[in-house]
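Below you'll find the structure, written out as structure tokens, and then a few comments.
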Amino acid sequence: MILRIYEEGERIPVTIENSDPERGTISIVVQSVGKTTYLLNSLNTGDQILDVVGPLGKPSEIENFGTVVVVGGGVGTAMAYPSAAAFKRAGNRVLCIVGARTKELVILEKEMRTVSDALMITTDDGSYADKGFVTDKLRQLIQNGTRIDLVLAIGPIVMMRAVAELTRKENIRTVVSLNPIMIDGTGMCGGCRVPIDGKSEFACVDGPEFDAHKVNFGVLVQRNSMYRDAEQRSLAEYQRLTAEKAAATEREVEESCAIAPRGER
Amino acid sequence: MSPTANKSLNPLPMKERIKVPRQLMPEQPADERNKNFSEVNLGYSPELARQEAQRCLECAKPTCTDNCPVGVQVKEFVELIVAGDFLAAAAKIREDNVLPAVTGRVCPQEDHCEGKCLLSKKVKPLGIGYLERFVADYEQRMGNYVLPNITPTGKKVAVVGSGPSGLTVAGDLIQKGHKVRVFEALHELGGVLVYGIPEFRLPKQIIREQLDYMRQMGVEFETDVVVGRTVTIDELMHEEGYDAVYIGTGAGLPQFMGIPGEHFNGVYSANEFLTRINLMKAYKFPTYDEPMIDLHGKDVAVIGGGNTALDAIRSALRLGARKAYVIYRRSDAEMPARAEEVHHARQEGIDFQMLTAPVEFISDGKGWLTGARCVRMELGEPDSSGRRRPVPIKGSEFDLPLSVAIMAIGTTANPIVQSTTPGLGTDKRGYIQADGESQRTTRTGVFAGGDIVTGAATVILAMGAGRRAAKSIHEYLSTGQW
């Protein structure tokens with residue numbers, strides 16, 4: 001989905017982590033990396049955001065593939081979780097690998113465990129569970145002769161690329177979920193274009209999930225860096241202002257947002 | 001009874017009318033306006049409007065109205081201007097056109113009403129667009145809209161998309177007494193009128209006022225709804241109780257050329273470039289959060305020769321571009337942009353590189369655009385479009401240094417509604433199949449029109465489709481016959 005917090009705000013794409021139609025809520029997990037995400041994580045229960053639109057993109061392809069390895073990196077774990085749960089419900093054997101830079105960034109461990117037949121955790125710095133990368137665990141699974149029918153990897157681009165390179169050699173079908181720069185999210189602007197098998201596709205309408213072995217990750221990294229200077233400037237300005245207000249910001253907060261009633265403003 | 005049926009109100013004798021020159025549209029000076037986003041055309045004064053209106057020959061069989069996609073009663077409204085009753089003139093236009101302040105600005109009148117004006121056989125045609133704009137603006141300034149009397153029918157219609165065709169359907173049907181709710185995917189209403197067409201050609205305030213008028217008539221609007229995703233057509237009809245749905249989702253996915261380097265940072269689609277500016281106000285960064293590449297002192301080119309291309313490059317110039325090029329593979333004669341826009345763009349200092357096409361983009365090695373390798377073209381035999389096909393001239397390659405390149409070479413069908421609506425027929429390009437007269441689709445109760453049926457066209461053609469659809473939806477709701 002796409003959200004915009006206030007009138008002068010940007011539109012940012014985020015992935016829905018969970019939803020509860022009865023309560024009329026959706027949950028998103030957002031890591032503070034830029035102004036909008038910091039701002040989002042500074043909101044309190046009962047605060048409002050201006051726009052929520054979605055769900056967008058093609059729904060994930062969920063069926064009984066056999067054994068599925070779900071790889072979640074950092075905040076990507078939040079997006080991997082509903083898929084892992086759905087794969088489990090569809091009758092798959094689900095093996096989950098969760099990776100994070102450091103202990104504090106390991107999220108949804110309990111939830112992931114409830115939907116996995118096995119859960120492996122790595123931290124880059126070894127501050128929690130096994131030191132290393134998610135690809136180390138995936139490589140072990142492959143070397144141990146585990147039969148893998150599908151790998152779903154959601155996380156930082158470098159992680160998804162590393163997973164794709166590993167499984168390409170083994171000929172294991174692999175799906176990644178991409179999060180490029182996006183404005184409208186409905187196929188109109190073309191900002192989210194990514195070369196898939198050499199052909200431009202739009203993450204918002206053709207994705208967000210793509211065959212990992214066809215994605216040009218290099219272009220994705222380069223395009224996502226397009227506004228780095230502006231993003232840093234925007235964040236610095238925001239932090240200067242919030243510091244002035246002595247407002248505390250938290251590194252990572254789980255937000256449960258009530259869906260604003262559809263209606264005209 | 002038409003006022004012309006008896007005696008003309010026009011004091012000017014017929015043979016004098018042809019001697020009066022077409023009144024020029026007052027404009028902001030080119031070297032000022034190319035630095036601001038205020039409107040280029042300033043509009044007629046009441047005096048200029050009445051002088052221009054007196055040129056009308058009051059044809060017994062007016063070809064202007066016949067050639068208007070929405071059938072505006074030109075002769076009648078022009079005569080009301082001559083009589084000095086500008087509000088009545090506006091009301092006369094509104095009988096057929098719910099967005100006169102918009103079409104008075106962006107409609108290609110030369111292809112429709114003015115193109116067939118009898119005057120144009122000898123002299124310049126009547127300034128019908130300028131006059132339409134004048135009365136619409138006059139009405140807005142007076143704040144004196146006449147609300148029609150409406151008798152409710154109890155029927156509900158969902159309109160998907162708040163662009164020109166959706167608004168036309170909504171405006172026409174609300175006057176027939178149907179309840180109308182318009183769904184918009186973006187956070188602002190107006191579709192291409194707000195995200196696409198820049199302020200200097202169509203001020204956003206104009207749209208807001210037209211929307212206010214529609215609200216006063218009873219039209220309901222809902223933003224942030226992507227029909228096909230947030231709610232499907234079937235849910236609208238079977239769960240939310242809509243008796244009919246009109247699909248006017250508009251232009252689709254931007255096309256790229258498929259040449260090397262189109263993914264470099266600095267290559268935009270025109271849709272993205274214009275959306276960042278018009279909808280997201282990225283040029284006001286950091287007051288607004290959405291960023292865009294700072295164009296000050298940069299060399300910018302647009303690839304394409306349509307109105308969208310000109311809107312994009314003229315915006316770039318206003319945002320401080322040092323050089324602003326139009327790169328078009330054919331010649332002036334084939335350019336699809338309106339002559340008036342091309343003329344304005346040249347006055348403003350846009351550099352037109354005609355019979356030229358990029359063959360690849362060049363970067364700094366780190367993914368940032370530094371230029372385009374271009375080739376000169378010559379025109380060969382006519383192609384399937386009837387226009388002479390551009391053929392590359394061997395050895396004519398040259399490099400054009402650029403920081404930003406904007407692709408404005410057309411769009412393809414947006415698939416969202418089609419792929420989520422079972423039984424909705426599409427053509428081989430993916431556009432929705434709809435009857436050219438009734439705008440009926442292959443699904444009972446579902447109508448479609450505008451760019452999502454025809455592919456990219458103009459505001460007025462989308463409105464024409466909306467007009468036909470509204471008539472046909474009203475018939476369907478009245479008779480229950482499909």
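To find a chain, count down the sequence lines: A is the first, B the second, and so on, and within it residues start at 1. For clarity, every value in this text was computed on a predicted model and none was experimentally measured.
- Judged purely by atom type and a 3.5 angstrom limit, A:Arg4 has no side-chain atom pairing as donor or acceptor with the backbone of B:His187.
- B:Ala185 and A:Arg11 get closest at one heavy-atom pair: O-NH2, 4.5 Å.
- B:Ile416 places a side-chain heavy atom less than 4.5 Å from the side chain of A:Val205.
- A side-chain donor-acceptor contact under 3.5 Å links A:Arg193 to the backbone of B:Glu262.
- Between B:Gln255 and A:Ser200 the shortest side-chain heavy-atom distance does not fall below 4.5 Å.
- Put simply, the side chain of B:Pro291 reaches to within 4.5 Å of the side chain of A:Glu10, judged on heavy atoms.
- At distances below 3.5 Å, at least one donor-acceptor pair connects side-chain atoms of A:Gln222 with backbone N or O atoms of B:Gly367.
- The minimum heavy-atom distance linking A:Ala230 with B:Phe285 is given by the pair O-CZ, 3.2 Å.
- Checking side-chain atoms of B:Glu272 against main-chain N and O of A:Met182 turns up no donor-acceptor pair under 3.5 Å.
- In this structure, the side chain of B:Ser269 does not engage the main chain of A:Gly190 through any donor-acceptor pair within 3.5 Å.
- Using a 4.5 Å cut-off between heavy atoms, B:Leu274 makes no contact with chain A at all.
- Proximity to chain A is absent for every atom of B:Phe273, based on heavy atoms less than 4.5 angstrom apart.
- With hydrogens and angles ignored, the 3.5 Å screen pairs no side-chain donor or acceptor of A:Glu237 with any backbone N or O of B:Pro286.
- For the 3.5 Å distance criterion, the side chains of A:Tyr6 and B:Asp289 qualify, holding a donor opposite an acceptor.
- For the side chain to side chain contact (heavy atoms under 4.5 Å, CB included) with A:Met188, the lone residue among B:Thr411, B:Asn414, B:Thr249, B:Asn271 that qualifies is B:Asn271.
- Checking side-chain atoms of B:Asp224 against main-chain N and O of A:Val53 turns up no donor-acceptor pair under 3.5 Å.
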